[in-house]
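See structure below.
Given the structure is predicted, the values throughout are model-derived calculations rather than measurements. Every number for a ligand or one of its atoms is a count from 1 in the order of the listing.
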Amino acid sequence: MLNQVLKVKGVSSGYGKVTILRDICFQVAEKEVVAIIGSNGAGKTTLLKTISNLVPATDGDIVFQGKDIVKYHPHIISQLGIAHVQEGGKLFVNMSVYENLLMGTYNNRKHFQKEILDEIYQIFPVLKKRENQLAGTLSGGEKQMLAIGRGLASRPTFLMLDEPSLGLAPKLVDEIYYKLSILKEKGLTILLIEQNINYALQFVERAYVLENGKIVMEGKSSELLKSEHIKRHYLGL
Ligand code: ATP
């Protein structure tokens, strides 16, 4: 029996009176790497924000490691071990790379900070090289690495990534996914949302397809890649 880390059960959410997500159900097991795929505006970002409670759920339960976190403050959710790397990274552009990473370590005691930063620099050596540079002056790929690095600085057990390939040239997307594969090998549980379905399905074991705020398909990546619906609507085949 797989140890389910996250269980999303019948969740709905939206903005004001507008409902975006309806009756969303999915789960992620320990050390699993799962994607939510879907086109522009399907509700992928809203889904991660609902798990972090940046957008409150109007219905349903979100159970993380056995606790219903649906009403928890985002800050507490982060302390429980969920890191949410938002679209575009949400970096502090006028602060250095080092300061951005340091901000990410706030859940941990001071004497761990150097150890945590060293671990991040091992995965992303370019961040060590750019330690004193302002985050706003980094290249697109470096910004994405910093955003992921800052997510890791809280020492999460569960990493949620919002479109890590967004706006990057294919070579950089390859590099980001290579870095993510290192995290996968280290045993981190990852929930990834992506518009770039080719990349996502090559990286994850399982995925859910979100369309107009509803999950319409789920399966192993290998099966989804063979699906006529996926081929026609997402891969242009
Ligand atoms: P994209 O890949 O373009 O970011 P997405 O699948 O992540 O798409 P969301 O960003 O979750 O989709 O948006 C889903 C819907 O919610 C869209 O119709 C969008 O216009 C709407 N929406 C998103 N943010 C807000 C907001 N702050 N207020 C009102 N509506 C919003």
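By the 4.0 Å N-to-carboxylate-O rule, Glu115 lies close enough to Arg155 to be salt-bridged with it. A salt bridge links Lys231 with Glu228; the closest basic N to acidic carboxylate O contact falls under 4.0 Å.
Side-chain contact check for Phe64 versus Ile51: every heavy-atom pair is 4.5 Å or farther apart.
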Pairs of donor and acceptor atoms involving the side chains of residues 87-94, under 3.5 Å and at least two apart or interchain, shall be tabulated with distances.
from	atom 1	to	atom 2	distance (Å)
Glu87	OE1	Thr45	OG1	3.0

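Side-chain contact of Tyr15 with Thr46: a donor-acceptor pair under 3.5 Å is present, judged by distance alone. Judged by distance alone, the side chains of Asn198 and Tyr234 never bring a donor and an acceptor atom under 3.5 Å apart.
Each of Tyr15, Ile20, Ser39, Asn40, Gly41, Ala42, Gly43, Lys44, Thr45, Thr46, Glu87, Glu163, Gln195 has a non-hydrogen atom positioned under 4.0 Å from some atom of ligand 1.
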